[in-house]
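In what follows, a structure is listed as structure tokens, so that the remarks can point back to it.
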Amino acid sequence: MKKEELEALTKEFLIRKIKAGKPITTGNINSTYLIEGEQEKKYILQRINKTVFTKPEEVMQNIRRVSRYLERQVLQEGGDPSREVLHPISTLNGTSFVIDENGEYWRMYDCIEGARTYDTIDSPETFYKVGKAFGRFQNRLSEFPIETLHEAIPDFHNTPKRFTDFELAILADKAGRLQAIKGNKNAPLKQAIDYLLSQKEDCRYIVLGKKTGSLPVRVTHNDTKINNVMIDDKTGEAICVIDLDTVGPDSILVDYGDAIRSGCNKAGEEAEHAEDVKMDLELYRAFTQGFMQEVKDLNSKEIEGLVIAPRIITIEQGMRFLTDYLNGDTYFKLKPNQPADFNFTRAINQIQLAKDMKQKEEQMKHIVKEMLQEKELKDDGLER
Ligand code: GN1
Ligand code: MG
């Protein structure tokens, strides 16, 4: 982006003079730029994707409320909010976004320096810390007035609704991708669809739990992909949970499930060969340990769900990628370097992961049980 363009976009924000800006390509939804300001100060500039977030004002209101609340919590813990909380920058008239002449919404954040995000994590020690970071996020927001939050994208983690959308996409075949394989029963696309359709029953678990009241509704992040956590370059600590776009009310299982989905697959969401995609149990143990050490009030249904939720969210994500492939890639838009069937590849990877999780369900149960015992022993120790 040219300096003049940058200056025009950012002149309303309370920031230093700007020197340069370059795009950051991670993230599937918004457009992000790293901005260099004078005196070595760095900022993040983002254009909000209005097709995905149809009410950007509400998204920003959520983010402001939640980040301020988190700042207060971190202050009370004696921590450093400038490194532990994502800080939206205000504009001259006190809002946290500007609208350009094309009606696009732009916002800015202070850049947390000396820290970065990772698309995949190999080390159980680091993933344990990520588990603690997401657990702390939950704890800090446990008393937040949940009724003040907007639902940025309605039914975001409503898996049965995602299932219906998927069925509709199959029927509509908007991009003609099913027409192209007509009559070929062994086509990988046909097999992927059949597998996901066979998972209908399991898709209901979280929604049903919320309906019956066995799964409490908490403030959730709703996009706990591991690259939404900043890791400190020096200490290796998971210091800050970022990307609060979708923060809202849901079951804790969606956050736990999405973190496991994205973090326990060392090959990553965009692996070239689906055979490389696996559920890593050592990473599962590490994250679960960190998460459970922080979140101390999980009820029995939430604990039971720690085994199945990662698979539900994986199936949900697989359905979302495949729905979009069938619809013609309108949501997860393809970047110039990505092949035309990239969303199909992504869906296949999620399916592979869900199948591997199913096979490892007993081992996952065993790990959760061990974590519980460990916790009980600790609690007993405290009581004595
Ligand atoms: C999107 O913006 P990003 O890349 O963190 C998506 C998530 C998906 C993820 C899959 C608002 O997240 O729900 O899990 O891609 N965000 C939205 O990579 O749809
Ligand atoms: Mg996001």
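Source: prediction; values computed, not measured. If you read the sequence from its start, that first residue is 1, and numbering goes on from there. One-based numbering, in listed order, for ligands and for the atoms of each. Atom set for the values below is all heavy atoms of this structure, side chains included, hydrogens, waters and symmetry mates excluded.
No salt bridge links Lys41 with Glu113; every basic N to acidic carboxylate O contact stays at or beyond 4.0 Å.
Among residue pairs with one or both ends in residues 8-22, those qualifying as side chain to side chain donor-acceptor pair (under 3.5 Å) are Arg16-Gln39; sequence neighbours excluded.
Here Asn28 has heavy atoms under 4.0 Å from ligand 1 in both its backbone and its side chain. Contacts between Asn228 and ligand 1 below 4.0 angstrom, taking non-hydrogen atoms only, involve the side chain exclusively. By the criterion of a heavy-atom distance under 4.0 Å, neither the backbone nor the side chain of Asn30 is placed next to ligand 1. Contact annotation for Arg346 and ligand 1: no heavy atom of the residue comes within less than 4.0 Å of the ligand.
None of Lys365, His366, Gln359, Lys360 except one satisfies the side-chain hydrogen bond (donor to acceptor under 3.5 Å, both in side chains) rule with Glu362; the exception is Lys365.
Within the structure, the closest approach of Glu270 to ligand 1 does not fall below 4.0 Å when heavy atoms are considered. Heavy atoms of Asp243 approach ligand 1 to within less than 4.0 angstrom.
Geometrically, Arg177 engages Tyr325 in a cation-pi contact defined by less than 6.0 Å to the ring centre and at most 45° from the axis. Figure legend: cation-pi geometry between Lys132 and Phe291 absent, as NZ or CZ is not positioned both under 6.0 Å from the six-membered ring centre and within 45° of its axis.
The ligand atoms of ligand 1 that sit less than 4.0 angstrom from a heavy atom of Arg261 are 14 (O). Taking a cut-off of under 4.0 Å to the non-hydrogen atoms of Gly27, the atoms of ligand 1 that pass are 4 (O). The Phe332 neighbourhood of ligand 1 comprises atoms 15 (O), with distances under 4.0 Å to a heavy atom of that residue. Set against the non-hydrogen atoms of Tyr331, the atoms of ligand 1 under 4.0 Å away are 11 (C), 17 (C), 19 (O). Residue-ligand proximity, Phe53 to ligand 1, at heavy-atom distances under 4.0 Å covers atoms 11 (C).
Taking the six-membered ring wherever Trp is involved, the centroid distance between the rings of Phe332 and Phe321 falls below 6.0 Å.
Checked by distance only, ligand 1 and Lys225 come closer than 3.5 Å through their nitrogen or oxygen atoms. For ligand 1, the polar-atom distance check against Glu269 finds a nitrogen or oxygen pair separated by under 3.5 Å. Among the atoms of Asp258, none of the N or O lies under 3.5 angstrom from an N or O of ligand 1.
Residues satisfying the salt bridge (charged side-chain N to carboxylate O under 4.0 Å, His left out) criterion with Lys369, sequence neighbours excluded, are absent altogether.
No side-chain donor from either of His221 and Asp255 sits under 3.5 Å from a side-chain acceptor of the other. Glu374 and Gln289 share a donor-acceptor pair across their side chains, judged by distance under 3.5 Å alone.
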